[in-house]
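Here the structure is laid out as structure tokens; the discussion comes afterwards.
Being a predicted model, the structure only gives us computed values, none of them experimental. By convention in this document, chain letters (A, B, ...) are assigned in the order of the sequence lines, proteins followed by strands, and residues within each chain are numbered from 1.
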Amino acid sequence: AQSVSQHNHHVILSEAASLELGCNYSYGGTVNLFWYVQYPGQHLQLLLKYFSGDPLVKGIKGFEAEFIKSKFSFNLRKPSVQWSDTAEYFCAVNARGGADGLTFGKGTHLIIQP
Amino acid sequence: GAGVSQSPSNKVTEKGKDVELRCDPISGHTALYWYRQSLGQGLEFLIYFQGNSAPDKSGLPSDRFSAERTGGSVSTLTIQRTQQEDSAVYLCASSLVGKETEAFFGQGTRLTVV
């Protein structure tokens with residue numbers, strides 16, 4: 001079975017600070033990896049995804065994530081956050097080619113102070 | 001439709017009543033997921049439908065919860081004899097099935113049991 005662990009449940013940063021949100025997964029096979037974001041009052045939307053190829057993937061709004069296979073990690077980064085990045089961030093995984101659905105982490109609530 | 005549609009957007013019900021939540025996935029998406037989002041609990045997987053295969057019901061929290069997907073399209077999540085702990089946002093998502101697919105989420109149904 002798959003599992004996803006997000007280490008930080010609440011993060012508070014000032015504008016222009018750098019961001020890194022941790023995500024580790026547990027699964028023995030090949031996986032697809034995702035970060036979803038939920039802005040206040042809005043639905044979940046995809047931030048970025050990794051299927052294969054270059055382990056450093058870039059998403060919307062200046063976010064990026066790096067897949068490190070040896071560490072089973074897919075950490076989300078942004079060099080300089082903005083107040084509008086305040087949101088809930090979810091890491092998710094599913095098995096490539098498998099019949100399993102997405103497994104999500106518990107989420108990280110990010111607050112950016114102006 | 002253009003996106004995943006869920007109805008109603010809000011539902012207030014009395015404890016002990018049954019409720020039905022509806023999800024209309026993106027046309028052509030054969031995979032459909034139901035999740036529950038409770039405050040501080042992240043995203044909890046409930047059930048997963050893929051095409052004509054038997055659904056993965058492993059996430060349903062009790063036998064009061066059931067879901068159907070008729071004709072491979074619209075899905076209904078039913079909660080019988082609702083309890084206050086059932087109060088949450090119920091999210092539906094759909095996706096294509098394959099090696100490299102992403103899920104698209106609806107706006108959710110906020111259920112309040114009073």
Under 4.5 Å from a heavy atom of chain A, the part of B:F49 involved: neither
Contacting moiety of B:A103, where chain A heavy atoms sit under 4.5 Å: both
Structural part of A:L46 lying under 4.5 Å from a heavy atom of chain B: side chain
A:H43 NE2 to B:Q6 CD distance, which is reported to the nearest 0.5 Å: 10.5 Å
Within one Ile-Leu-Val-Met-Phe-Trp-Tyr cluster: B:L32 and B:I26, side-chain cutoff 4.5 Å: no
B:Q80 atom CD, neighbour heavy-atom count above 12 within 6.0 Å: yes
Contacting region of A:Q38 [heavy-atom separation from chain B under 4.5 Å]: side chain
Co-membership, hydrophobic cluster, residues B:I79 and B:V114, 4.5 Å side-chain: no
Value rounded to 0.5 Å, distance of CD in B:E102 from CG in A:N94: 11.0 Å
Separation between CZ of A:F90 and OH of B:Y35, rounded to the nearest 0.5 Å: 11.5 Å
Common cluster, B:V89/B:L77, ILVMFWY with side-chain heavy-atom separation under 4.5 Å: no
Chain A contact via B:Q37 - which portion, at a heavy-atom distance below 4.5 Å: side chain
same_hphob_cluster(A:V81, A:Y89) at 4.5 Å side-chain heavy-atom cutoff: yes
Within one Ile-Leu-Val-Met-Phe-Trp-Tyr cluster: B:V4 and B:Y90, side-chain cutoff 4.5 Å: no
B:E14, CD atom: more than 12 neighbouring heavy atoms under 6.0 Å: no
pair B:L43-A:L102: side-chain heavy atoms closer than 4.5 Å: no
Nearest-0.5 Å distance, CZ of residue B:F105 to CD of residue A:Q42: 15.0 Å
